[in-house]
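Below is one structure, written out as structure tokens, with a few remarks after it.
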Amino acid sequence: MAVPMESQLQSIFEDVVVGDRFDERTKLVSCLGAFRQYWSTLPQESHDQCVQWIVRFIHSQHSPKRISFLYDCLAMAVETSLLPPRMVCQALMSSDSLEWERTQLWALTFKLIRKIIGGVDYKGVRDLLKAVMDKIQTVPNFMSSAVVQQLLAAREVVEYILDRNACLLPAYFAVTEIRKLYPEGMLSHWLLGSLISDFVDSFRPTARINSICGRCNLLPVVNNSGAICNSWKLDPTTLRFPLRGMLPYDKDLFEPQTGLLRYVLEQPYSRDMVCNMLGLNKQTLNIAQHKQRCPVLEDQLVDLVVYAMERSETEEQFDDGGTSQLLWQHLSSQLIFFVLFQFASFPHMVLSLHQKLAGRGLIKGRDHLMWVLLQFISGSIQKNALADFLPVMKLFDLLYPEKECIPVPDINKPQSTHAFAMTCIWIHLNRKAQNDNSKLQIPIPHSLKLHHDLPMTDYKIALLCNAYSTNSECFTLPMGVLVETIYGNGSMRITLPGTNCMASGSVTPLPMNLLDSLTVHAKMSLIHSIATRVIKLAHAKTSLALAPALVETYSRLLVYMEIESLGIKGFISQLLPNVFKSHAWGILHTLLEMFSYRMHHIQPHYRVQLLSHLHSLAAVPQTNQNQLHLCVESTALRLITALGSSEVQPQFTRFLNDPKTVLSAESEELNRALILTLARATHVTDFFTGSDSIQGTWCKDILQTIMNSAIKFAFFKQNNVPQESRFNLKKNVEEEYRKWKSMTVENDIITHFSMQGSPPLFLCLLWKMLLETDHINQIGFRVLERIGARALVAHVRTFADFLVYEFSTSAGGQQLNKCIEILNDMVWKYNIVTLDRLILCLAMRSHEGNEAQVCYFIIQLLLLKPNDFRNRVSDFVKENAPEHWLQSDWHTKHMTYHKKYPEKLYFEGLAEQVNPPIQLHLQYLPIYFGNVCLRFLPVFDIVIHRFLELLPVSKSLETLLDHLGGLYKFHDRPVTYLYNTLHYYERHLRDRTNLKRKLVHAIMSSLKDNRTPGWCLSETYLKCAMNPRDDNVWIPDDTYYCKSPGPFPNCDWRFNEFPNPAAHALHVTCVELMALAVPGKDVGNALLNVVLKSQPLVPRENITAWMNAIGLVITALPEPYWIVLHDRIVSVISSAVLSSETEWVGYPFQLLDFTACHRSYSEMHCSYILALAHAVWHHSSIGQLSLIPKFLSEVLKPIVKTEFQLLYVYHLVGPFLQRFQQERTRCMLEIGVAFYEMLQAVDQHSKHLAYMDPICDFLYHIKYMFTGDSVKDQVERIICSLRPAMRLRLRFITHISKMEPAAAASTATSVPQSSSVSSPAAQSGAGPS
């Protein structure tokens, strides 16, 4: 095929070129005629080849005149639609002969392209632009000025392509290609001059529309719900923000965000957030090829160590609990985690440290640094090469310059272990060298000689453990000593609460400062030793309980995150299943108690896993035993109510395939508690805000499962149980009571009343017996025993309903007193039901109106009328402190309390009272921490919430708080509970300021003796707002809102309810703001005014930090507080500055650039609102952001009439499209349509549009980066209704035929254009989908 084509084409073109008999015109016509005839016979697939041959033929000519003539032929072929222009242009550009040295060919070629490119489709034009710019790149920087004029033909083509009025392609495509060739900071080719830079600059407004004001200064609160969203993601190789599109964003957005990463790394408990930010995945640890070493993370860890060294220079002493100690402790934990998971390389980091510390003379913190390095070395030296650890010796030479021996510190102080760290490292390295048969290059340094040669007798056990943890001969002895002190000598025994419960005799746990002074490796050996021993004892089925010292020490070890795999992970996935398999119920009870009363900062997936275990455990026959059943239910209740609001959704979505795993098959109360927790979590995180139409969400799935499964409860049904059922209940009780009295055979009675499937009314019968005869006989006890713990719960539930009925119909006075006395006896005298179980059942019933009031009245009477419970609470609160980790005598106090108020869980009181008394031979399961007061706390949480839901019982709640509020001293999350309560019940508490104040006061004052002043509420609040006078409510002024909270006292975050200082500050600030007797709307406005009004306490230079703080605080408050921002936005958009074109002065994009304007003192109110809205929305949950589409379409759309208003709205919402796309696509599409609808209104309202190009560029950015063709159908109609010049620019979105825009083009040229144009760019060669 090739030969005939060539010969035919040659005959067509050569004859014409060579012959000169005819004039040019005739030759053209004849040549084209012959070619047309030939072209028509050519198959489609040969067209490309044919055109390429023609181009090669032309380029092989040397006469400019011939080339010019042949190019005219090509031009005419294109103009007469014989040849497709795209094919011709591509063939010309891909020719190897097109070189800048052939200047005339170059000039003629680009003139031809300029002439015919108008007919090329827009994707073809994009490809040609790339090809032309690539060709221009081949032109050298130095050359004769004589040829420049001809080379400029190529520039003219580029100029024409970039001409916005010609509109050959979306300018967005053009800027993408340009930015690929000339990235940020790279100059374009000299031949193109300022053409490229001006065009790229025209996109700066679009880039700004997509940028969050002051983004580089916005910081999260680690472990806050907002911190787990996509707002904080960074590129793991460059640490840059993941910006969409190839736009010329402001320079600071292209910088590595080291400050942000460093800030997060500094926070305790931030490692999950760091992994989330950098997309690091722990799961790949075992896959060698997937090592995710992250050098930028390494650098920041090194910088943090250097910072800690600097801090140590200025601190006078390294006190226990000082900021410096907390920092080093935290650093050690971070380093181990990131190096262990191979995100950071140990040798690289040590060499980098050496480099950064060289010549700095920072040596005061050297011992602490070596302590941090020792943590990793001792744990990993056996598995890694010696060479990996030798760089530490370089650090030693740098940091220990002494020629003399360093004196030995006082080894009675726990921190002395840090001073020995370098010696311990040397011992480990030496040991490794001996094992590897290599010679360590340096002997023990002279300066460490005294440390090394310290006589054995003076060695502290911890020092021995640290130094010899890799040397089993030397390690066994000191570790053995540690272990023996807590295991207890087998011969010595002590009693535990309850009957016949004995334990090994050691009661004093290892103190925290001793555990802190052990290396991670030593701690791992210790915890492994404990876990192994517990499993061994479980297998042996010994009746002797674990030593209290062992249990408390094990609890303390579980707080160390760096030993998570052997710690909490081993606890949940190995220890618990093993103990369960061995049916060691005493040890199981112990482990559940530990989890309830001694665990801190356990990751949510472990807690939900345990909850799932507990539900399956509850179904096992062996757990149908009073004490264990109560413990399982009580632990499950704590786990459910303790779930953090931001933890619920991510955790529960994991169980969607089998929601029954998080639901109880037995306990209606636990499932109701779960529903309340779901409701609270979705409210506090605003998960469903603005998303009424979301179908199949995780929460609905779980509710659906509950309703569809066998667990159908009346409280889920829309209608309450019909009223007459109360009378039926009464009737059934009477009938059963008659049977009780008439039956005579003991066995028949026991069988009838305890039989499975019989009505659960037995507690109602016991109540009637006591009411009528004041005593219960022996058979009653036997029935209770036979019913069993699990089935008895149903009896308690019916009894709770029966009580409400009885109290509702009682005549009051004497009868009422009699009723409450009997009820109290059933709890305290006969031990038939525990107080916490009965109150939980009462609180969880779904009564309405008067009956609900009666139910709460019974709760109040039960808790307060008799002294039994109040005495227990006041004694427990008076004698005990919540800081269990600092105590060495908890067990003594625990036993004293149980001797005074023994727990009786097996109806002992009833057994003693019956005639004749029954001798019980019980063996209690060991109780190390719990008692009725602590078990009641999670129930009290629920009681308070239920009381808040019913207005008439407010006074009763205040009374309860007065008498029992002191218990909150032992609540493990008092501030979080208060925050959730004030947030969730904001509407209920809005007008009940006294109750709100009482709630805050009761909970906070319970902790006053155990916290330093200023830990929670501000001095101003305590002085002014705690005053209960209704006639003179305190309304705070601006100064109050401007004062920063804190500074908060240092504390050990491992045992705090919050993971870090910022999380604490955020929650206490929100609690105080919600506690004010001021409407939420006013508080919200006052918070906005902190930065919107000129405030003497708010320095200008820190304005973005203040905006960040306002954003964090206001988004953590209920909706009435933050929704006021919408009103501010409306007032700005309606203001004359934006709504009247005459009012506007200057270039809008400049005035909306908050950072630049602020620096030059030229900012306006509208730019302040813009920056503040960005700060607030950046911290918002996706639920809060979901209100934006509705806000746009219902509130802003009717107002927006001018171009300035439209641009303001684009600036406002543009930066959040990326997050909507990732988290709630439906909202993104709604916003996309709203943007076009607003444009339509502006187009109809405005005579003249000055900023058409930036507007269109932004709309193209939305199409290519976010919506694709998803909204094409809705926007096509709108685009067709716009003015011609706008229609021409947007034609590539709708694919309007070229005829229409061609007509529009003439109009376009007459419309004056702003010199500034802007459009965002696509990441990859953008093209309509």
Side-chain angles (χ1 to χ4, degrees), residues 71 74-75 78-79 84-95 98 100 106-139 151-182 188-203 206 245-248 1252-1254 1256-1257 1260-1261 1264 1285 1288-1293 1298 1301-1302 1304-1305 1308-1309 1313 1315 1317-1322 1325-1328:
Y71 272 174
L74 274 183
V78 171
E79 281 162 12
R86 180 173 181 173
M87 196 181 284
V88 174
C89 290
Q90 281 175 339
L92 289 167
M93 287 310 302
S94 58
S95 165
L98 182 62
W100 69 270
W106 176 281
L108 290 168
T109 305
F110 284 111
K111 276 181 185 155
L112 173 62
I113 291 174
R114 167 69 178 80
K115 193 172 182 182
I116 64 174
I117 197 170
V120 178
D121 66 282
Y122 69 99
K123 289 186 185 175
V125 175
R126 175 194 59 199
D127 297 340
L128 285 169
L129 172 64
K130 183 178 185 313
V132 173
M133 290 195 300
D134 286 343
K135 277 288 181 205
I136 290 173
Q137 282 298 98
T138 64
V139 177
L151 294 180
L152 284 176
R155 176 199 161 107
E156 283 164 23
V157 173
V158 176
E159 195 167 6
Y160 182 46
I161 292 174
L162 299 185
D163 180 358
R164 287 175 178 273
N165 288 328
C167 213
L168 298 181
L169 81 170
Y172 193 87
F173 279 13
V175 84
T176 302
E177 294 306 327
I178 289 169
R179 301 276 292 171
K180 280 183 193 168
L181 189 61
Y182 305 118
S188 61
H189 195 277
W190 62 266
L191 190 61
L192 294 168
S194 62
L195 178 65
I196 295 294
S197 55
D198 289 349
F199 184 75
V200 170
D201 279 347
S202 75
F203 274 82
T206 310
M246 311 281 277
L247 297 179
M1252 270 194 290
D1253 289 328
C1256 294
D1257 292 342
Y1260 276 111
H1261 175 74
Y1264 291 122
L1288 174 75
R1289 282 162 172 72
L1290 294 175
R1291 69 177 190 193
F1292 306 110
I1293 288 179
K1298 280 206 170 183
T1309 50
Q1313 285 300 302
S1315 58
V1317 274
S1318 136
S1319 136

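Just so you know, these numbers come straight off a predicted model, no measurement behind them.
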Calculate, to the nearest 0.5 Å, the distance between atoms [atom1] and [atom2] belonging to [X] and [Y] respectively.
{"X": "M93", "Y": "T109", "atom1": "CE", "atom2": "OG1", "answer": "8.5 Å"}
{"X": "L129", "Y": "L162", "atom1": "CG", "atom2": "CG", "answer": "6.0 Å"}
{"X": "L192", "Y": "L181", "atom1": "CG", "atom2": "CG", "answer": "9.0 Å"}
{"X": "L151", "Y": "L191", "atom1": "CG", "atom2": "CG", "answer": "6.0 Å"}
{"X": "S197", "Y": "L195", "atom1": "OG", "atom2": "CG", "answer": "8.0 Å"}
{"X": "D127", "Y": "L169", "atom1": "CG", "atom2": "CG", "answer": "10.0 Å"}

Can you confirm whether [X] sits close enough to [Y] that some side-chain heavy atom of one is under 4.5 Å from a side-chain heavy atom of the other?
{"X": "I196", "Y": "M133", "value": "yes"}
{"X": "E159", "Y": "F199", "value": "no"}
{"X": "L168", "Y": "V120", "value": "no"}
{"X": "N165", "Y": "R1289", "value": "yes"}
{"X": "V175", "Y": "M246", "value": "no"}

Kindly state each residue pair satisfying salt bridge (charged side-chain N to carboxylate O under 4.0 Å, His left out) with at least one member in residues 129-139, sequence neighbours excluded.
K130-D134

Yes or no on side-chain contact (heavy atoms from CB on, under 4.5 Å) for I117 and I161, after CA distance, side-chain angles and deciding distance?
CA-CA 8 Å; I117 197 170; I161 292 174; 3.6 Å; yes

Pair Y71-L92, side-chain contact (heavy atoms from CB on, under 4.5 Å): steps then yes or no:
CA-CA 10 Å; Y71 272 174; L92 289 167; 3.5 Å; yes

Worked verdict on I136 versus W100 for side-chain contact (heavy atoms from CB on, under 4.5 Å)
CA-CA 8 Å; I136 290 173; W100 69 270; over 6 Å; no

Contacts of type ring-ring contact (aromatic ring centres under 6.0 Å, His included), residue W106, not counting sequence neighbours:
F110

How far apart are the C-alpha atoms of C167 and F1292, what are their side-chain angles, what is the distance that settles it, and do they pass the side-chain contact (heavy atoms from CB on, under 4.5 Å) test?
CA-CA 10 Å; C167 213; F1292 306 110; 4.2 Å; yes

Between F173 and Y1264, is the ring centre distance below 6.0 Å?
yes

